[in-house]
Participant: 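Here it is, the structure in full.
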Amino acid sequence: MIEQLRKLIARHCETLQREEREIEQNVAAILEADEPSSELVQQTIAKAHKLKGGSGTIGFQEISETAAGLERALKMVAQLSGPLPVEVKDEIARLFAMLADLIRTVQPEQSDLFNVQLPTDVQTPVQVEEAPVPRGPDPMRSVS
């Protein structure tokens, strides 16, 4: 079981590399545009959200938290109208650079789940018989 988990973690590391390249293209397009398309911003929010959830689930908390920060910044972009302020662009660039650094250096062993101790003696669950419910007068019936 632990080997299967480790293979899953290793596969996630490979997926992270691919997803980082996709997000990089989107972030570059957002930063280059005066007014990025809402479709591009929404796609990038979805990709950051996916990174956040998948990485958190598989034990890469720092990647998950950084992706969450990028997702929040992109949601702010989605609410803006007009040209993006320099401060917003700088924040997105900073968060993406942090995320990219984490992903480019990620190793399966960094996952919180990589060395998790799984129980070795899984027992059959105990079945408990339900006691019969005593039957008496129905308290919901009115007494005449």
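Everything quoted here is computed from the prediction, not taken from an experiment. Atom set for the values below is all heavy atoms of this structure, side chains included, hydrogens, waters and symmetry mates excluded.
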Participant: Going from OG on Ser64 to CG on Leu51, what distance comes out if it is rounded to the nearest 0.5 angstrom?
Facilitator: 9.0 Å
Participant: Does anything in residues 55-68 pair up under salt bridge (charged side-chain N to carboxylate O under 4.0 Å, His left out), and if so which pairs, sequence neighbours excluded?
Facilitator: none
Participant: Who pairs with Thr66 by side-chain hydrogen bond (donor to acceptor under 3.5 Å, both in side chains), at least two apart in sequence or on another chain?
Facilitator: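 Per chain and number, Thr66 pairs via side-chain hydrogen bond (donor to acceptor under 3.5 Å, both in side chains) with no residue.
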Participant: What pairs with Glu24 under salt bridge (charged side-chain N to carboxylate O under 4.0 Å, His left out), at least two apart in sequence or on another chain?
Facilitator: Arg104
Participant: Going from CD1 on Ile2 to CG on Asn115, what distance comes out if it is rounded to the nearest 0.5 angstrom?
Facilitator: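 Separation between the atoms: 7.0 Å.
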Participant: Please name all residues satisfying side chain to side chain contact (heavy atoms under 4.5 Å, CB included) with Gln107, sequence neighbours left out, ordered by chain then number.
Facilitator: Glu109, Gln110
Participant: Working to the nearest 0.5 Å, report the span between CG of Asn26 and OG1 of Thr44.
Facilitator: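 Going from the CG atom of Asn26 to the OG1 atom of Thr44 covers 3.5 Å.
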Participant: Can you list every side-chain hydrogen bond (donor to acceptor under 3.5 Å, both in side chains) pair that touches residues 81-95, not counting sequence neighbours?
Facilitator: Glu91-Arg94
Participant: Of all residues at least two apart in sequence or in a different chain, which pass the side-chain hydrogen bond (donor to acceptor under 3.5 Å, both in side chains) check with Glu22?
Facilitator: Lys47
Participant: Indicate, with yes or no, if Phe114 and Met1 share a hydrophobic cluster defined by side-chain heavy-atom contacts under 4.5 Å among Ile, Leu, Val, Met, Phe, Trp and Tyr.
Facilitator: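 In one cluster with Met1: Phe114, yes.
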Participant: In chain order, what residues pass the salt bridge (charged side-chain N to carboxylate O under 4.0 Å, His left out) check against Arg18, with sequence neighbours excluded?
Facilitator: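 For Arg18, no residue satisfies salt bridge (charged side-chain N to carboxylate O under 4.0 Å, His left out) once neighbours in sequence are set aside.
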Participant: Would you sort out whether Leu8 and Leu113 count as a side chain to side chain contact (heavy atoms under 4.5 Å, CB included), showing the intermediate values?
Facilitator: CA-CA 10 Å; Leu8 180 66; Leu113 301 179; over 6 Å; no
Participant: Is any side-chain heavy atom of Phe60 less than 4.5 Å from a side-chain heavy atom of Ile9?
Facilitator: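 Phe60 reaches Ile9 side chain to side chain.
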Participant: Side chain to side chain contact (heavy atoms under 4.5 Å, CB included), that's the test. Do Leu40 and Gln43 meet it? Break it down for me.
Facilitator: CA-CA 5 Å; Leu40 176 64; Gln43 285 175 354; 4.3 Å; yes
Participant: Sequence neighbours excluded, which residues qualify as side-chain hydrogen bond (donor to acceptor under 3.5 Å, both in side chains) partners of Lys50?
Facilitator: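 Scan of Lys50 (side-chain hydrogen bond (donor to acceptor under 3.5 Å, both in side chains), adjacent residues dropped) gives Glu19.
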Participant: Working to the nearest 0.5 Å, report the span between CG of Leu70 and NZ of Lys52.
Facilitator: 11.0 Å
Participant: If I take atom CD1 from residue Ile92 and atom CG from residue Leu74, how far apart are they, to the nearest 0.5 angstrom?
Facilitator: 5.0 Å
Participant: Should Leu16 and Leu102 count as side-chain neighbours, where that means a heavy-atom distance under 4.5 Å?
Facilitator: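 Side chain of Leu16 against side chain of Leu102, heavy atoms only: no contact under 4.5 Å found.
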Participant: If you apply the rule side chain to side chain contact (heavy atoms under 4.5 Å, CB included), what do you find for Ile103 with Gln17, and how did you get there?
Facilitator: CA-CA 6 Å; Ile103 291 172; Gln17 304 285 328; 4.1 Å; yes
Participant: For Ser55, which residues count as a side-chain hydrogen bond (donor to acceptor under 3.5 Å, both in side chains) partner, sequence neighbours excluded?
Facilitator: His12
Participant: Who are the side chain to side chain contact (heavy atoms under 4.5 Å, CB included) partners of Gln42, not counting sequence neighbours?
Facilitator: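 For Gln42 the side chain to side chain contact (heavy atoms under 4.5 Å, CB included) partners, ignoring immediate neighbours, are Ile45, Ala78.
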Participant: Can you name the residues that form a side chain to side chain contact (heavy atoms under 4.5 Å, CB included) with Leu80, not counting sequence neighbours?
Facilitator: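 Here the qualifying residues are Leu84, Pro85, Val88.
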Participant: Please, which pairs that meet salt bridge (charged side-chain N to carboxylate O under 4.0 Å, His left out) have at least one residue in residues 34-44, sequence neighbours excluded?
Facilitator: none
Participant: Testing the basics here: between Ala67 and Ala48, what is the closest heavy-atom pair and its distance to 0.1 Å?
Facilitator: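 Scanning both residues completely, I find the closest heavy atoms to be CB-O, 3.7 Å.
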Participant: Are Arg11 and Glu14 close enough for a salt bridge, meaning some N to O gap below 4.0 Å?
Facilitator: no
Participant: Tell me whether Met98 shares a hydrophobic cluster with Val77, the cluster being built from Ile, Leu, Val, Met, Phe, Trp, Tyr side chains joined at under 4.5 Å.
Facilitator: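 Per the 4.5 Å side-chain linkage, Met98 and Val77 are not co-clustered.
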